[in-house]
> 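Just passing along the structure, written as structure tokens.
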Amino acid sequence: MDASAIVLFQADLRLADNKALFFACKNSAPIIPVFIYSPEDEGAWAPGAASRWWLHHSLSSLKSSLAAAGANLVIRRGPFAESVNRILAESGARSVYCNQRFEPAARRLESEVEASLAKLGVDFHRYNSSLLFHPELVRTSDDQPYKVFTPYYNRVTRLKSEQPLPRNKRLNPASVSLDSLTVSDLDLLPRIAWDEGLMSVWTPGEAGAQKQLRKFLSEGLALYAAGRDRPDKELVSRMSPYLHFGEISAQTIWQEVVRISETTGGGESGSEKYLRELVWREFAYHLLYHFPDTAEQPLRQNFEHFPWRRDAGGLKAWQLGMTGYPIVDAGMRELWKTGWMHNRVRMIVASFLVKDLLIDWREGARWFWDTLVDADLANNTLGWQWTAGCGADAAPFFRVFNPVLQGEKFDPDGNYVRKWLPELAKLPATMIHKPWEMPADVLGRYGVTLGRDYPEPIVDHSFARQRALLALAEIKGDQPGKGRLKKV
DNA sequence: TTCCACTTACA
DNA sequence: GTAAGTGGA
């Protein structure tokens, strides 16, 4: 009988189109599916509270799917490398299969495991089962990594993407019985029950991912080109947490969307726009892979001396959705209640924190990291650096969003604001994005007194815009940062 | 070198 | 229209 193979589940909590699982089975060794929870190995970026909530439910789902296919998921606590070695010793397994992760801490960890397995003479099989395009394979004509989205997009869309693998219906589990923690032992759920809102909108797990994809493909995709910018509608995919935890693969989504655009022909612009968003995710990983310190440091070095303001009160108001700008506050409250925020609104609230309050983008990244169910180091880093103007894509000058105009443009009826700010629900659409412009007595007739029911704006936008442009001018003469071009 | 592109704001 | 910087072919 063949020695068994350990399949390490990490950010690939699925059975379908999972290369590590597929090839472990194909090589016909009995398998031992393992998940090791090891936040200490993630350094500064251990999963936040919302991610831990998601992980709890996702692991429960994975465990049941594996059980239904005949295999037990072995759950352990880290440290990661030590746990792998222990399971090898306990099981006598002769090979380890896993899908690569691309975050800096995960890459270091993987090298460590690779070295220790080599010493033991255990085969280590690694696959990219999460990105459409491996970051190493996409280069400019100068053999450099890309730093601007559009040329990156033009490059990768000429590459061929892989076909997803079929799912193994039955697994061949190893007969050894290993100790395992339960999912609850990992203590991932919040102590105080703040997770009701998350519970009511999300179904973590592979089945939930498939269901959400079906819904998006039938209801959102055709209207996606314009609909993606409308937080008041339900037209975006909401696939981000499923992608982050690998409950569905990007290849699967890509192929489904391409298939639809080929058969329908008509709804094509929606498909194209959505595939473009998937490429943004690829680009985020491309950047984090080639510039691994960008989660902590601006890609452009001249931003290292940017005059950020320390403003604990402003930060708190932003976090709680109490800035006095309705579109910003609605977004921050959606985030707090549901662990997610519409992408258009993410850009607006991020611009507000960074440009209007002049608060360091890393404060925003931290808050998002703790509160988003889709918190993803690559996407989060790209998003915040893009907004701050210190990352990929030039033109920081263009990026001071006007929260009133953004609200009026993308939430024209005010329904998104009404949903998350019930205190403003009665205001007419014409004023709901700028209640301070109404005379106090008129506002009072709608039951709103500013400063009592809803805050006055904590900063005047046109003043803040000027202040941000001055701050940007201060660092303009500095070196933009060729230093980071070197590959690490 | 030259030219294009850029999830935009304000006049 | 103009503000206006930078990467990429």
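Reckoned from all heavy atoms, side chains included, excluding hydrogens, waters and symmetry mates. None of the values given here were measured: they were computed from a predicted structure. Chain A is the first sequence line, chain B the second, and so forth, proteins listed ahead of strands; every chain is numbered from 1.
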> Taking the six-membered ring for Trp, are A/Tyr325 and A/Phe352 parallel (under 30°), tilted (30 to 60°) or perpendicular (over 60°)?
tilted
> Measure from NZ or CZ of A/Arg238 to the centre of the six-membered ring of A/Trp340, then state whether that distance is under 6.0 Å and the direction lies within 45° of the axis.
yes
> Under the 6.0 Å and 45° cation-pi test, does A/Arg259 pair with A/Trp254?
no
> Report yes or no: do A/Glu282 and A/Tyr152 form a side-chain donor-acceptor pair below 3.5 Å?
no
> What's the closest nucleotide to the A/Arg300 side chain, out of B/dA5, C/dG7, B/dA9?
C/dG7
> In whole angstroms, how far is the P atom of C/dA4 from the CG atom of A/Leu472?
13 Å
> Might you confirm whether atom CH2 of A/Trp336 has over 12 heavy atoms from other residues, nucleotides or ligands at distances under 6.0 Å?
no
> Starting from C1' on B/dC6, measure out to NZ on A/Lys147 and report it in whole angstrom.
16 Å
> Testing the 3.5 Å rule here: is there a donor-acceptor pair between the side chains of A/Arg155 and A/Thr150?
no
> Using atom CG of A/Leu469 as one end and atom P of B/dC10 as the other, report the distance to the nearest whole Å.
10 Å
> Among B/dC10, B/dA5, C/dG8, which is the nearest nucleotide to the side chain of A/Leu405?
B/dC10
> Under 4.0 Å, heavy atoms only, any strand: does A/Gln406 hit a base, just the sugar-phosphate, or nothing?
sugar-phosphate
> Tell me the interatomic distance from A/Phe149, atom CZ, to B/dA5, atom P, rounded to whole angstroms.
15 Å
> Would you compute the distance between atom CG of A/Asn18 and atom CG of A/Asp12 and round it to the nearest 0.5 angstrom?
5.0 Å
> With a 4.0 Å heavy-atom cut-off, tell me which residues in residues 342-352 of chain A come close to DNA chain B, sorted by residue number.
A/Asn343, A/Arg344, A/Met347
> Whole Å only: how far is the CD atom of A/Gln144 from the P atom of C/dA9?
11 Å
> Quiz question: by atom type and distance under 3.5 Å, do the side chains of A/Arg418 and A/Asn415 form a donor-acceptor pair?
yes
> Could you tell me how far apart A/Lys409 (NZ) and B/dC10 (C1') are, to the nearest whole angstrom?
13 Å
> Tell me whether the guanidinium CZ or amine NZ of A/Arg107 lies under 6.0 angstrom from the six-membered ring centre of A/Tyr289 and within 45° of its axis.
yes
> Using Watson-Crick pairs (N1 to N3, plus N6-O4 or O6-N4) and G-U wobble pairs, both distances under 3.5 Å, which stems of at least 3 pairs involve DNA chain B?
B:2-6 with C:5-9, B:8-10 with C:1-3
> For A/Asp376 and A/His244, what are the C-alpha separation, side-chain angles and deciding distance, and is it a side chain to side chain donor-acceptor pair (under 3.5 Å)?
CA-CA 6 Å; A/Asp376 182 279; A/His244 172 74; 2.7 Å; yes
> Scan residues 459-468 of chain A against DNA chain B and write down, sorted by residue number, each residue with any heavy atom closer than 4.0 Å; if none is found, say none.
A/His461, A/Arg465
> Could you check how far CG of A/Asn154 sits from P of B/dC4, rounded to whole Å?
15 Å
> I want to verify a distance call: between C/dA9, B/dA5, B/dA9, whose nearest atom is closest to the A/Thr140 side chain?
C/dA9
> Does the side chain of A/Asn379 come under 3.5 Å of the side chain of A/Tyr285 through a donor N or O and an acceptor N or O?
no
> Rounded to whole angstroms, how far apart are CG on A/Leu470 and P on C/dA4?
13 Å
> Is the phosphate of B/dA5 approached by A/Tyr146 (side-chain N or O, under 4.0 Å from OP1 or OP2)?
no
> Which of these nucleotides, B/dT8, C/dA9, B/dC10, is closest to any side-chain atom of A/Ser141?
C/dA9
> Indicate whether any N or O donor in one side chain lies under 3.5 Å from an N or O acceptor in the other, for A/Ser249 and A/Thr252.
yes
